[in-house]
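To find a chain, count down the sequence lines: A is the first, B the second, and so on, and within it residues start at 1. These numbers come from the heavy atoms of this one structure, side chains and all, not from hydrogens, waters or symmetry mates.
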There are 2 protein chains.
Amino acid sequence: MARTKEFNEEQVLDKAIEIFWHKGYNGTSAQDLVTHLGLSRSSLYDTFGDKQKLFSMALKRYQKQGQDYVKNLLEEAVDIKAALTVIFKQAVLESLEDRITKGCFMVNSSVELAMHDEEIAKIVNDNRQTMQAVFLRAVKKGQEAGQISVQQNARTLARFIFNNYTGIRVLARSGEKDKQVYDDILKALFSLF
Amino acid sequence: MARTKEFNEEQVLDKAIEIFWHKGYNGTSAQDLVTHLGLSRSSLYDTFGDKQKLFSMALKRYQKQGQDYVKNLLEEAVDIKAALTVIFKQAVLESLEDRITKGCFMVNSSVELAMHDEEIAKIVNDNRQTMQAVFLRAVKKGQEAGQISVQQNARTLARFIFNNYTGIRVLARSGEKDKQVYDDILKALFSLF
DNA sequence: CTAATTCAGGAACGATTGTTCCGTATTTTT
DNA sequence: AAAAATACGGAACAATCGTTCCTGAATTAG
């Protein structure tokens, strides 16, 4: 019947994540997208609708990837504290390695768009809820297993973990490359567990 | 010799802070500025150069205001822990009260511009250094006075305080209005002091 | 082969971007 | 009162914005 697409939609979305992550929504032009996604203007609009729709598709995909990673790690973890360490060490590693420091696509989008775009606000809030729920379940499990201190209640710790994760991602975005800074934050944070 | 300006430069800068804070750099158009600053296009460019210069002047002014506030509070504080409580409670109050949630102008600018604009990067990094130094001095004083635990060293705590401050401001920017969330974060944070 | 479909490329759209310039009004100093 | 200086409002600028549309080539199914 018809010609098959020459591009893979998911691969294009992954590229879109990279661009929007790096430059933000307002900082990315349609021309940027055409140039770096490797498809024509017409295909872009035919396939994804418009810039805003492409952005939210990219953000949703990024969200799923991040959540899957954290969920899997925490749900299958024997030692919760160790698993949390892995997650945070990984975030620090990314922050230090990135030549172009992109921070976290979700955090960046929260700051840039959440208050101006309802759809993005929905994604961001959903992400926060989900992530805090994931952390909450993990902390509870860790406390029951005696791996995490019960000095603070689980919900408090879950929110606190999320808050420090956010802080670290902003630090990365603003270009901090001193490992000692991140290690200090992690040290203080984990002293609560 | 010449006519006097009909506007007060500092008042205009304060208005510019509000606009850029709310909409970000890329989200604010020249027309937005003309409309809300209450001066003409020509006066705007004659007085401030261009959009980028106006932005960095506004950000610098915001930085000075914020730093003065925190510095004064901490340097003249008898009880450091109490002073830190005031600072964080104030941040939470602003987050809950703001009908239009603006977060923190400095954090917003870090995320949006630091990696794309050297001048902004300089301001942001200078701010981080300065704020951490202010917190460091305060923590040291608090530890010497026996008001703050010496379990963690002062520099670690200073960085940790800053990180959680950042996190809270992002939370505010993304529209969180549940006081309990902020209180949990504060509770966990202050349990370290 | 034919018909149907969708690709890629690029011209073109009106709207908006940041910025400049000009003519006029206004105020201050001599 | 005259002259110098500068603010003012608004027209106008080229450039870029996101988006649409058209053309022709490519590929598939019948």
Starting at [atom1] of [X] and ending at [atom2] of [N], how long is that distance when rounded to a whole Å?
X: B:Asp46; N: C:dT19; atom1: CG; atom2: C1'; result: 11 Å
X: A:Lys51; N: D:dT19; atom1: NZ; atom2: C1'; result: 12 Å
X: A:Leu44; N: C:dT6; atom1: CG; atom2: C1'; result: 15 Å
X: A:Phe48; N: D:dT20; atom1: CZ; atom2: P; result: 16 Å
X: B:Leu54; N: C:dG18; atom1: CG; atom2: C1'; result: 13 Å

Contact check, side chains of B:Asp126 and B:Gln63, non-hydrogen atoms, under 4.5 Å: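 Side-chain contact under 4.5 Å: yes.
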For D:dA7, take OP1 and OP2 only and decide whether either is under 4.0 Å from a side-chain N or O of B:Ser43.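 Answer is no, no contact under 4.0 Å.
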Would you say a side-chain N or O of B:Tyr45 is under 4.0 Å from OP1 or OP2 of C:dT20?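 No, B:Tyr45 has no side-chain N/O under 4.0 Å of OP1/OP2 on C:dT20.
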Mind listing the residues from residues 15-31 of chain A sitting with a heavy atom below 4.0 Å of DNA chain D? Number order is fine.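 Per residue number, the list reads A:Thr28, A:Ser29, A:Ala30.
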Tell me which residues in residues 33-41 of chain A put a heavy atom below 4.0 Å from DNA chain D, sorted by number, or none.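 Only A:Arg41 qualify.
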Would A:Asp68 and A:Lys64 count as a salt bridge (charged side-chain N to carboxylate O under 4.0 Å, His left out) here? Give the steps. CA-CA 6 Å; A:Asp68 285 351; A:Lys64 180 162 170 37; 2.7 Å; yes
Tell me which pairs pass salt bridge (charged side-chain N to carboxylate O under 4.0 Å, His left out) where either residue lies in residues 152-174 of chain A, with sequence neighbours left out.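 Qualifying pairs: A:Glu94-A:Arg169, A:Arg155-B:Asp184, A:Arg159-B:Asp184.
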With sequence neighbours excluded, residues passing side-chain hydrogen bond (donor to acceptor under 3.5 Å, both in side chains) with A:Ser95: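 Partners of A:Ser95 by the side-chain hydrogen bond (donor to acceptor under 3.5 Å, both in side chains) criterion come out as none, since no residue qualifies.
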Looking at residues at least two apart in the chain, or sitting in another chain, which of them share a side-chain hydrogen bond (donor to acceptor under 3.5 Å, both in side chains) with A:Gln152?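 Once residues adjacent in sequence are excluded, the partners of A:Gln152 under the side-chain hydrogen bond (donor to acceptor under 3.5 Å, both in side chains) criterion are B:Ser191.
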List the atom pairs, with distances to 0.1 Å, where a side-chain N or O of residues 75-84 of chain A and a protein N or O form a donor-acceptor pair under 3.5 Å, not counting sequence neighbours.
residue: A:Glu75; atom: OE2; partner: A:Arg137; partner atom: NH1; Å: 3.2
residue: A:Asp79; atom: OD1; partner: A:Lys81; partner atom: N; Å: 3.0
residue: A:Asp79; atom: OD1; partner: A:Ala82; partner atom: N; Å: 3.3

Quick check on B:Lys179: does its NZ atom have over 12 non-hydrogen neighbours (other residues, nucleotides or ligands) under 6.0 Å away?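 No.
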Can we call the ring centroids of A:His36 and A:His22 under 6.0 Å apart?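 Between A:His36 and A:His22, the centre distance exceeds or equals 6.0 Å.
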